[in-house]
Amino acid sequence: MSTTEENKAIVLRHQKEVLEQGRVELIESYYAPDGSTPMATPAQWRDTVLMFHRTCPGFKITVLDMMTDGDRVMSHTRNDLTYSVPTDPPPANFPPLGRAVTWRNMNIFRIVDGKLVAAYMNSGWKDMLVEIGVIPLKQISANQTAVRKFVDGINQRDPALLAEACTPEIAQQWSANLPRMYERM
């Protein structure tokens, strides 16, 4: 069993050496091969880190705060990068911003026997994309309105609200299930 200070050191090395520096040869030493991290397998995580470093050279992670509780480590970080489009770009889920951007992450890692076995991540990436105008705020507001109508439709058992928020097929399916959703067991 690792001490809390050893667990903090593992998370810090993961963030600085693997993520920031791109030292993928260290992945096997940090990750449990069958952990439930969003990285899936160490080989898949290696490919992700390499792709990220091809498209985001100069990635910098600043640890703002780190706390431990048993086998869990919470890390609050600031991430700085400039995304560039290399020749033969890999498929990426982020746009070619071409300028420096910053966002914050809040991550909770679980460590067992000195290996990362799980990670729960809350990234400020999407907030940054809204802030710089990549994701229009108008689109987010429309989505929030639709979700509110959907939830109100279920809570009020109102098929008309569901029809406003959903495609006709989905609205019909949810409307058909409304009477059963509130039956006593």
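Given the structure is predicted, the values throughout are model-derived calculations rather than measurements.
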Chemist: Working note: Arg13 + Val11, criterion side-chain contact (heavy atoms from CB on, under 4.5 Å); need CA distance, chi angles, decisive distance, verdict.
Modeler: CA-CA 5 Å; Arg13 286 193 313 266; Val11 169; over 6 Å; no
Chemist: Can any side-chain N or O of Asp158 pair as donor or acceptor with the backbone N or O of Ile154 at less than 3.5 Å?
Modeler: no
Chemist: Check side-chain contact (heavy atoms from CB on, under 4.5 Å) between Thr4 and all other residues, then give those that pass, not counting sequence neighbours.
Modeler: Thr68
Chemist: To the closest 0.5 Å, what do you measure between CG (Asp71) and OG1 (Thr3)?
Modeler: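 It is 12.5 Å, given to the nearest 0.5 Å.
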Chemist: Search all heavy atoms of Leu26 against all heavy atoms of Glu17 and return the closest pair with its distance.
Modeler: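 Nearest pair, atom of Leu26 first, then Glu17: CD1-OE1, 3.2 Å.
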Chemist: Hey, any chance Ile170 and Leu161 share a hydrophobic cluster, counting ILVMFWY side chains that come within less than 4.5 Å of each other, even indirectly?
Modeler: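 No; Leu161 is not reachable from Ile170 via cluster members.
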Chemist: Sequence neighbours excluded, which residues qualify as side chain to side chain donor-acceptor pair (under 3.5 Å) partners of Arg104?
Modeler: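 With neighbours one apart ignored, the set is empty.
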Chemist: Do NZ/NE/NH1/NH2 and the carboxylate oxygens of Glu28 and Arg46 come within less than 4.0 Å?
Modeler: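 The answer is yes: the pair qualifies as a salt bridge.
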Chemist: Is the shortest side-chain heavy-atom distance between Asp80 and Val101 below 4.5 Å?
Modeler: no
Chemist: Quick check: closest heavy atoms across Asn7 and Gly70, and the distance to 0.1 Å?
Modeler: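 Heavy-atom minimum between the residues: ND2-O, 3.3 Å.
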Chemist: So, do Asn79 and Thr102 sit near enough that their side-chain heavy atoms are less than 4.5 Å apart?
Modeler: no
Chemist: Using 0.5 Å steps for rounding, measure from the OH atom of Tyr31 to the CD1 atom of Ile111.
Modeler: 10.5 Å
Chemist: Which heavy atom in Asn105 sits nearest to a heavy atom in Gly124, and how many Å separate them?
Modeler: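 Asn105 and Gly124 have their closest heavy atoms at OD1-N, 3.5 Å.
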Chemist: Which heavy atom in Cys166 sits nearest to a heavy atom in Ala171, and how many Å separate them?
Modeler: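 Heavy atoms only, the tightest pair is CB-N, 3.7 Å.
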Chemist: Enter the distance from Tyr120:OH to Arg72:CZ here, rounded to the nearest 0.5 Å.
Modeler: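 Rounded to the nearest 0.5 Å, the OH-CZ separation comes to 5.5 Å.
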Chemist: Side chains of Thr77 and Leu64: closer than 4.5 Å at any heavy-atom pair?
Modeler: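 No, their side chains stay 4.5 Å or more apart.
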Chemist: Would you say Trp103 has more than 12 foreign heavy atoms packed within less than 6.0 Å of its CH2?
Modeler: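 Yes - once you tally the heavy atoms of other residues, nucleotides and ligands closer than 6.0 Å, there are more than 12.
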Chemist: Restricting to side-chain contact (heavy atoms from CB on, under 4.5 Å), what partner residues turn up for Gln172, sequence neighbours left out?
Modeler: Ala176
Chemist: Check whether any side-chain heavy atom of Val73 sits under 4.5 Å from a side-chain heavy atom of Ile108, and report yes or no.
Modeler: no
Chemist: Nearest 0.5 Å, please: how far is CG in Asn122 from CG in Asn107?
Modeler: 8.0 Å
Chemist: When you check the side-chain N and O atoms of Gln15 and Ser75, is any donor under 3.5 Å from an acceptor?
Modeler: yes
Chemist: What is the minimum heavy-atom distance between Ala119 and Met121, and which atoms define it?
Modeler: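 Of all heavy-atom pairs spanning Ala119 and Met121, the closest is CB-CE, 3.7 Å.
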Chemist: Of all residues at least two apart in sequence or in a different chain, which pass the side-chain contact (heavy atoms from CB on, under 4.5 Å) check with Glu20?
Modeler: Lys16, Lys60, Ile61
Chemist: Pairs of donor and acceptor atoms involving the side chains of residues 145-152, under 3.5 Å and at least two apart or interchain, shall be tabulated with distances.
Modeler:
{"unit_1": "Thr145", "atom_1": "OG1", "unit_2": "Ser141", "atom_2": "O", "d": "3.0"}
{"unit_1": "Lys149", "atom_1": "NZ", "unit_2": "Glu164", "atom_2": "OE1", "d": "2.9"}

Chemist: Taking only residues two or more places apart in sequence, or in another chain, which ones meet Met67 in a side-chain contact (heavy atoms from CB on, under 4.5 Å)?
Modeler: Asp65, Met74
Chemist: Are Leu12 and Met66 close enough that some pair of their side-chain heavy atoms sits under 4.5 Å apart?
Modeler: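 Of all side-chain heavy-atom pairs linking Met66 with Leu12, at least one is under 4.5 Å.
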Chemist: Donor-acceptor pair, distance only, cut-off 3.5 Å: does the side chain of His53 make one with the backbone of Leu19?
Modeler: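 A pair under 3.5 Å: yes.
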Chemist: Quick check: are there more than 12 heavy atoms from other residues, nucleotides or ligands sitting under 6.0 Å from CG of Asp69?
Modeler: no
